[in-house]
S.K.: 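Below is a structure I'd like to ask you about.
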Amino acid sequence: MNARLFILGIGIAVGYVVGARAGRERYDQMKGKATAVWESPRVTKARTSVEDYARTQGPILLDKAEAVAKATPGFVADKAKDVAENTREFAETARTTAKELAGTAKESAKELADRASSTARGAVGRVAETAEDVRENANKELAELRERGENAIDRAFTTAGKARDEALAPLDDEDDEDEDGEPDKPASL
């Protein structure tokens with residue numbers, strides 16, 4: 001009986017470990033997908049192109065606008081300064097937008113990782129529940145086996161008693177007869 005419980009305990013432990021590893025693998029898989037999206041060519045290209053454009057075109061446009069402003073007096077110079085300022089604002093907006101895009105992607109990846117972690121914890125809980133069900137079913141089976149064993153022992157004793165009585169019956173009949181084969185007469189008092 002103790003060996004069966006020991007084997008059952010080992011089975012439950014192995015099930016828990018396998019379930020925990022499967023949950024971790026699923027978490028790692030989801031985390032890998034989130035990382036793959038973040039590092040995918042489209043997202044990386046969009047992120048870097050906005051940053052590159054802001055970094056390369058902003059100063060170029062600023063320089064051009066300042067050159068035009070210096071070359072053209074009065075109205076044209078003022079408009080060129082306005083264009084330079086607008087270009088500077090556009091570059092800053094593009095840089096801010098790129099940072100916001102990166103922050104949003106980071107938050108999405110974190111949410112995805114949190115969901116994966118939550119799913120893994122749920123899987124561990126289900127494995128624990130399953131292990132508890134297995135333990136309860138094993139205890140029920142053990143109780144049924146114990147009852148069957150006790151019933152078998154009772155039947156064996158009953159059968160052995162009947163067999164003994166049947167085996168001893170001819171001996172009892174022989175004791176009741178005398179040497180002539182006639183039944184013994186009771187002794188008178």
S.K.: Could you point out which residue of Arg135, Glu136, Glu141 forms a side-chain contact (heavy atoms from CB on, under 4.5 Å) with Asn139?
M.R.: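 Exactly one candidate clears the test, Arg135.
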S.K.: Nearest 0.5 angstrom please: Thr119 OG1 to Arg126 CZ, how far?
M.R.: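 Spacing of OG1 (Thr119) from CZ (Arg126) equals 8.0 Å.
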S.K.: Hey, can you pull the donor-acceptor pairs under 3.5 Å for the side chains in residues 157-167, sequence neighbours left out?
M.R.:
unit_1, atom_1, unit_2, atom_2, d
Thr158, OG1, Asp154, O, 2.9
Thr159, OG1, Arg155, O, 2.7

S.K.: Side-chain contact, heavy-atom cut-off 4.5 Å: Glu89 with Asn86?
M.R.: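 Yes - at least one pair of side-chain heavy atoms lies under 4.5 Å apart.
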S.K.: Pick one: which of Arg146, Glu147, Arg148 meets side-chain contact (heavy atoms from CB on, under 4.5 Å) with Glu144?
M.R.: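 Between Glu144 and the candidates, side-chain contact (heavy atoms from CB on, under 4.5 Å) is satisfied uniquely by Arg148.
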S.K.: Check whether Ser118 reaches the backbone of Asp114 with its side chain - one donor and one acceptor, N or O, closer than 3.5 Å.
M.R.: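 Judged by distance alone, no pair lies under 3.5 Å.
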S.K.: Assess the residue pair Glu92 and Arg95 against the criterion (salt bridge (charged side-chain N to carboxylate O under 4.0 Å, His left out)); give the C-alpha distance rounded to whole Å, side-chain angles, the decisive distance to 0.1 Å, and a yes or no.
M.R.: CA-CA 5 Å; Glu92 184 61 35; Arg95 189 176 300 130; 3.1 Å; yes
